[in-house]
Structures are given as structure tokens and as C-alpha cells.
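This report refers to the structure that appears directly beneath it.
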Amino acid sequence: EPEVTQTPSHQVTQMGQEVILRCVPISNHLYFYWYRQILGQKVEFLVSFYNNEISEKSEIFDDQFSVERPDGSNFTLKIRSTKLEDSAMYFCASSEARSQGEEKLFFGSGTQLSVL
Amino acid sequence: AQKVTQAQTEISVVEKEDVTLDCVYETRDTTYYLFWYKQPPSGELVFLIRRNSFDEQNEISGRYSWNFQKSTSSFNFTITASQVVDSAVYFCALSERGGSQGNLIFGKGTKLSVKP
């Protein structure tokens, strides 16, 4: 069964450093997303991406965050200058084009980001 | 405001017991979708079910069943004859027809431990 893959599974970085989290969505999907889960808390929406631009973003997704689809397969999340509070599990997801709200999201296994 | 409440933080059962995970939601929209996702120890979020607000029929899939009641804004999940492999964190989520693309509102999750 096709799946969303994320690399790396764990990333440790120093505060202030830039990190790039990588994702390969399911090949025929058109919508891509990033979510995050701070330890012990709920999974939170960050951003959705379609047709090479951001569709929606949450208030969490500030100027320190950016997303990119550099080629036909990868989807990346960049954090420009990491803060301690960015430590979380970051999930990538993708979906087929469906009516809004109805999308069935397929999630990857996540990247655990630890900012020291 | 949208909200999803999973009041049970942790549940522990012995194998073969039945267990029900509760989910209560709040939304002002008349068209919305409800989801359950499973997060096993490996970390990924696995889609289990999607229901739309117009379909209140209960659903059964093997040992899993879902009880959707609009009158009480609940979408509860029952595992019959639980097995050790059911041990995971289970998330209930909501999205609205008029909401952001792929913006799922997750509950905080219920950690289910099934002991042999």
C-alpha cells in the first residue's frame, strides 16, 4: 500500500539553527500538509499546500516556517531559526483532491525534532 | 468554535475485553466530517474511519464499531474483544465543509493499553 515517508525520523538541533524536514507524499496525491504534535498534546494543523502554493496556514505557521515542493516528489518544511518550543513530532500528510473537509489524510511516521 | 474532546486520557484493559473510546465534538457547521486515527507505538497516524454529518448509521468493521449520535454530538469508537495489537493512542478529529483544506481538529487522544 502506498505510504507517506518522512526523513529523518529524529532530528536534533541547536537553538537558532535551521532545519529542513523532508517528506515524500503519495505519488498521485495533490494536497500536502504539515501537522505537529508537542509531547503530550494534541496534533495541530500547521499548513496545507496545493498547486505549488500555500492553501491555508495556522497561526503557529509564522515567518520562521516555510514549505516547498522542490521537485515532483518531495515536500519540505523549513524552520529558519529553531526555538526550544519548536521541539515536537512533525507529521507530513497528503490527500487526493476531494471536497473540502472530506479529505482522507494519509500521514507519515513523523520526524521527532528536538531543539537543544 | 470547533472543538473535539476525548475525556479519557488513558484506558487499560485486559485482552478480550470490550472497550469504548469516547469523542464529543463542537461545531456550528451543518456539514462536517468526523475521523478516527490510530497512532501505534511506531508513531504514524493511521486512518480508521471518516463519517459525514448526514450519515448517522453506525458502522462496523471487524472488531471495530462506531456510534455516531448527532443529538449528543458524539462519535464513539468501540473495540470488541480487544487484542494486544490494539494498544495505541486513538485520536478523534473533526473537519468542517467550510473549513480550511485538510485542517483537521484533533482531540488530545486516548491511550489504550491492552494487557495479555
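Side-chain atoms are counted along with the backbone in the values below, which use heavy atoms only and exclude waters and symmetry mates. Labels below follow one simple rule: chain letters A, B, ... track the order of the sequence lines, proteins then strands, and each chain is numbered from 1.
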What do you reckon, is [atom1] of [X] surrounded by more than 12 foreign heavy atoms closer than 6.0 Å?
X: Leu116(A); atom1: CG; answer: yes
X: Leu84(A); atom1: CG; answer: yes
X: Lys42(A); atom1: NZ; answer: yes

**Q.** Pairwise distance CZ(Phe45(A)) to CZ(Phe106(B)) - rounded to 0.5 angstrom
**A.**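 Atom-to-atom, Phe45(A):CZ and Phe106(B):CZ are 11.0 Å apart.
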
Q | Those residues that, when tested against Val67(A), pass side-chain contact (heavy atoms from CB on, under 4.5 Å) (two or more places apart) | A |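 For Val67(A), the residues satisfying side-chain contact (heavy atoms from CB on, under 4.5 Å) (neighbours in sequence not counted) are Trp34(A), Val47(A), Phe49(A), Ile54(A), Phe61(A), Phe75(A), Leu77(A).
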
**Q.** Gln39(B) and Gln37(A), any side-chain heavy atoms less than 4.5 Å apart
**A.**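 They are in contact (side-chain heavy atoms under 4.5 Å apart), so the answer is yes.
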
Q: For Tyr37(B) and Lys104(A), work out which heavy atoms get closest and say how close.
A: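 The answer is OH-C, 4.4 Å.
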
Q: Answer yes or no: is there a donor N or O on one side and an acceptor on the other, between the side chain of Tyr35(A) and the main chain of Leu104(B), under 3.5 Å?
A: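 Checking the backbone N and O of Leu104(B) against the side chain of Tyr35(A), a donor-acceptor pair under 3.5 Å is found.
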
Q: Following the transitive rule for hydrophobic clusters with a side-chain heavy-atom cut-off under 4.5 Å over Ile, Leu, Val, Met, Phe, Trp and Tyr, establish whether Leu94(B) and Phe77(B) coincide in one cluster.
A: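 Linked within one cluster.
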
Q. Contact part of Glu44(A) toward chain B, heavy-atom cut-off under 4.5 Å: side chain, backbone, both or neither?
A.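 Interface part for Glu44(A): neither.
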
Q) Is it the backbone or the side chain of Gln6(B) that comes under 4.5 Å from a heavy atom of chain A, or both, or neither? A)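 Interface part for Gln6(B): neither.
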
